[in-house]
Amino acid sequence: MSNTGVQARRSAVYLLDQILDEDPRLMSELLAGGALDKLSPDDRARAQRLATETLRGLERADRLLQKHLKKQPPLTIQNVLRVGTVELCNGGAAHGVVNAMVNLVAQHNKLSHLKGLTNAVLRKIAAEGPTAWDALRAPRLPKWLRGPLIDAWGADAMGAMEIAHFKGAPLDLTAKSDPQALAKAVEGTLLPTGSVRITNPGQVSAMPGFAEGDWWVQDAAAAIPVQILAPQKGEAVLDLCAAPGGKTMQLAAAGADVTAVDDSAARMVRVKENLARTKLEAKLLTIDARGVKGEFDAILLDAPCSATGTMRRHADLPYAKDGSEFGDLIELQGELIDHAWSLLKPGGRLVFCTCSLLPDEGEVQVDEALERHDDMSTETTNLTLDGIDPAWITSEGGLRLRPDYWPDSGGMDGFYIACLRKAA
């Protein structure tokens, strides 16, 4: 490992400095901006993994560290200690971890005088941390998010979701054609909904069938909206807010005539690359979804949202956001539903979904849309897929998925999905 892992650890600390700053940035923004581009592929993967694991275990790390700190050190030193603590408490070799972290601080222009503190604190953590770590509760989400989620689902469900977030997420794949053959090829587990789950994936692009375009990465919950839409061969289907293209590929693989729309040119490049690799076809439009014209048999609207359902995969979200933009997103979702409805042929169907755990971005949106449109009704027949508990169907006729569902097989992302039928 280059410089005994100092490069990867330094980069992990840099990511945390940006995410936990007073003016926070999302990890996806940092990676897109080239934050890890100078690292080798191994170090890049390691830096991202260390930062993610530290964010997941942040509350535990801080609880262990506070015993050994008289006052709060600068953020960078705090993050050095956090990364070191998470590594040490998860089986990292004490000598190697402590030395690497002390070296990292020693090389810092302004903070090198704190290498003694770093050494002393991490040696104490190495001695007692691993046992103490396991005795602590699953880390809680920040209060700004925890409160609304307890209001929505109750304290017990919140606790179960926090356990799911702390465990992180396995890798799920969607097969282009044959899920059973894919499960065999990648030595994965075939889930009841047809996704293939892998618990300890290596490099994704080196896995069997990747180069051939036989599959793509997509959380099992994210693959369900297209199954509920049930696209038919030759149908004109509109995929709104399509990037990075998992649902576009599902629609195209079903034989639909797909128009995929997203307003981000950079993200549409990903859709184009994914379609090329999988040898699937769709018409791509880089415009605001509210500017789309035409008439469609079926529409999939995966609306921009808080992404609170993806936190077990994106551990930075609770820290890089504070909920201040959610009101604007909720308003936009309503506008998008109304515009999509105007593009739908009589008798057609619209699947509205968000990867959110907040009812305001799901159940409430559909309740309000039903009040606005006399010719709209929810259709629940397609919601009863294999592996989906009928108890997850909500009072207004949508489907609520949560990270604590399927606990014994690795959970799923939080999602809300509703199939809306237009009167003929």
Can you name the nearest heavy-atom pair linking [X] to [Y], along with the distance?
X	Y	answer
L141	R146	O-CD, 3.6 Å
L275	A282	CD1-CB, 4.0 Å
L332	P304	CD2-CG, 4.0 Å
F296	V237	CD2-C, 4.1 Å
C89	P130	SG-N, 3.9 Å

Measuring from atom [atom1] of [X] to atom [atom2] of [Y], what distance do you get when rounded to the nearest 0.5 angstrom?
X	Y	atom1	atom2	result
L15	L30	CG	CG	6.0 Å
I337	M376	CD1	CE	6.5 Å
F415	T354	CZ	OG1	7.5 Å
L20	Q78	CG	CD	8.5 Å

Counting N and O atoms only, with roles assigned by atom type, does the side chain of [X] sit under 3.5 Å from a partner on the main chain of [Y], one being a donor and the other an acceptor?
X	Y	result
S40	D43	yes
D316	I19	no
W215	P208	yes
Q365	I330	yes
Q227	T193	yes
R197	S409	yes
E361	S306	yes
D413	A221	no
D239	T248	yes
W341	L420	no

request  = Please list, chain by chain and in numerical order, all residues satisfying salt bridge (charged side-chain N to carboxylate O under 4.0 Å, His left out) with R277, sequence neighbours excluded.
outcome  = none
task = Would you kindly say whether Q218 and Q250 are connected by a side-chain donor-acceptor distance under 3.5 Å?
result = yes
ask   = When you check the side-chain N and O atoms of N274 and R270, is any donor under 3.5 Å from an acceptor?
value = no
ask   = Does the distance from a Lys or Arg side-chain N to an Asp or Glu carboxylate O, for E335 and R290, drop under 4.0 Å?
value = yes
F326: ring-ring contact (aromatic ring centres under 6.0 Å, His included) partners, not counting sequence neighbours = W144
query = When the ring planes of W133 and F166 are compared, do they come out parallel, tilted or perpendicular, using 30° and 60° as the limits?
reply = tilted
ask   = Between T384 and T380, does a side chain to side chain contact (heavy atoms under 4.5 Å, CB included) hold up when you go through it step by step?
value = CA-CA 7 Å; T384 52; T380 58; over 6 Å; no
